[in-house]
Amino acid sequence: MIRMACSVYLTPPIFLHNANNAKTALNASPVKIARATPRSRTFAQFAIPPLSTAAADFASVDGTAIAVIGGSSVAALAAVLTLTDPERRRQLQAEDVGGGDKEVVREYFNNSGFQRWKKIYGETDDVNKVQRDIRLGHSKTVENVMKMLTDEGSLQGVTVCDAGCGTGCLAIPLAKEGAIVYASDISAAMVSEAERQAKEQLQITNDDQSPPPTMPKFEVSDLETLKGKYDTVICLDVLIHYPQSQADGMIAHLASLAENRLILSFAPKTFYYDLLKRVGELFPGPSKATRAYLHAEADVERALRKVGWKIRKRGLTTTQFYFARLVEAVPA
């Protein structure tokens, strides 16, 4: 097996918080992200999905050194990137399953992707450094969404649609707080695992001091075919699998299901994150992953405004391999 090392440097601004919680941007000297300590931010700074599902594949090969490097090397890096053809790889994936993005996502998360992300979202020690870091970022997402919801009052009896529930990382905590949860995922394997974990955890946590939690209702469904009306609709770590043209329609449909609040997470499209994603595409992993799409916050906001919604809260949390934007929208 050939092991490759890539030394590419970027110098993103470093944000520091002073005693008054003011945020100051500093221009940093080049640093290697491979040595960086995962950072998370507190309230109004929320967590979100991995920069790319492909990142877990390309970085999961222990021994591949990926460093991030800066400004003066951008031109040289851009020249290298033009020699790769990730779009061709994506086209071949779609041809393999006989469809587009949705079919690729369904196939991946029913097979190799299910096994990979079940480990990342679980508690097993059988994960590498990158996967453990992504697990940390995802857990922060769930924690911050739960805080957003519970800070405004009890969830007892509140209807919540968890669109793209995965293995139940959010649906189960919601049920424990008394919410009436409708959880769905495009992957039948994910839904089966989420239902199994819900039955196990909700039975264990039941006691005589509080009303028993209502078991979430799980179903296999893509975002566009979801039906019903819910107080709150939440969609975490899903939009990264679809281009903005499809994401616009998904956002509009999810908003039509929500009566009071819509919470979305997506991988933010900035020059820095886009460059990191393309570096990752230089080193495709041994197994196939889904296509990864970054979304500009302005595009997501535009899609929400188009259907009569506005963003009320927003935040960004990053770890070393986990980059995410979270927005909470309400009717305008």
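Values reported hereafter were calculated over all heavy atoms of this structure, with side chains retained and with hydrogens, waters and symmetry mates removed.
One finds a salt bridge joining R302 and D248 here, because a Lys/Arg side-chain nitrogen approaches an Asp/Glu carboxylate oxygen to under 4.0 Å. Ion pairing of E123 with R135 is absent here, as no side-chain N (NZ or NE/NH1/NH2) approaches a carboxylate O to less than 4.0 Å. Remark: R196 engages E200 in a salt bridge, criterion side-chain N to carboxylate O under 4.0 Å.
Taken from CZ in F323 to CD1 in I134, the straight-line distance is 9.5 Å, to the nearest 0.5 Å. Taken to the nearest 0.5 Å, the OG1 atom of T319 stands 12.5 Å off from the NE2 atom of H138. The structure places CE of M215 at 6.0 Å from CD of Q203, a figure rounded to the nearest 0.5 Å. Taken to the nearest 0.5 Å, the CD atom of E195 stands 9.5 Å off from the SG atom of C165. Summarising the geometry, atom CG belonging to L149 is positioned 6.5 Å from atom CG belonging to L174; distances are rounded to the nearest 0.5 Å. The distance from atom CD of Q115 to atom CG of N110, rounded to the nearest 0.5 Å, is 11.0 Å.
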Candidate pair I240 and Y293, rule side-chain contact (heavy atoms from CB on, under 4.5 Å), full reasoning: CA-CA 5 Å; I240 191 172; Y293 297 94; 5.6 Å; no

Chi angles and distances behind the salt bridge (charged side-chain N to carboxylate O under 4.0 Å, His left out) call for E224, K102: CA-CA 11 Å; E224 293 103 327; K102 188 185 299 184; 3.4 Å; yes

Chi angles and distances behind the side-chain contact (heavy atoms from CB on, under 4.5 Å) call for T167, Q197: CA-CA 8 Å; T167 59; Q197 291 194 27; 4.1 Å; yes

side-chain contact (heavy atoms from CB on, under 4.5 Å) between L170 and V181, worked out: CA-CA 10 Å; L170 177 64; V181 183; over 6 Å; no

Working for side-chain contact (heavy atoms from CB on, under 4.5 Å), residues M148 and I263: CA-CA 10 Å; M148 289 172 62; I263 298 175; 4.0 Å; yes

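Of all heavy-atom pairs between A175 and P213, the closest is O-CB, 3.3 Å. Between V238 and G164, the shortest heavy-atom contact is CG2-CA, 3.9 Å. Closest approach of A252 to V307, counting heavy atoms only: CB-CG1, 3.7 Å.
In this structure, Y230 has its ring center closer than 6.0 angstrom to the ring center of Y182. Residues H241 and F109 bring their aromatic ring centres within 6.0 Å.
Side-chain N or O atoms of T124 include none that pairs as donor or acceptor with a backbone N or O of K119 at under 3.5 Å. In terms of modelled atom types and a separation under 3.5 Å, the side chain of T225 and the main chain of S221 share no donor-acceptor contact. S192 contributes no side-chain N or O that, together with a main-chain N or O of A189, makes up a donor-acceptor pair within less than 3.5 Å. For the pair N111 (side chain) and E107 (backbone), a donor-acceptor distance under 3.5 Å is present.
Cluster annotation: V233 is connected to I311 through the hydrophobic network of ILVMFWY side chains, with a link wherever side-chain heavy atoms come within less than 4.5 Å. If you chain together hydrophobic residues whose side chains sit under 4.5 Å apart, L257 and F266 fall into the same group.
Results of the salt bridge (charged side-chain N to carboxylate O under 4.0 Å, His left out) test with E301 over R314, R312, K306 single out R314 as the only residue that passes.
The side-chain heavy atoms of E177 and M146, taken from C-beta on, include a pair separated by under 4.5 Å. Using a 4.5 Å heavy-atom threshold, the side chains of K129 and D133 count as separate. With a 4.5 Å cut-off on side-chain heavy atoms, L294 and P268 do not count as touching. You'll find the side chain of I251 reaches within 4.5 Å of the side chain of L239, heavy atoms only.
Applying the ring-ring contact (aromatic ring centres under 6.0 Å, His included) rule to F218 yields no partners; only residues at least two apart in sequence or on another chain are considered.
Legend: side-chain hydrogen bond (donor to acceptor under 3.5 Å, both in side chains) pairs involving residues 252-262, not counting sequence neighbours, sorted by first then second residue: E152-R261, D231-N260, R261-E328.
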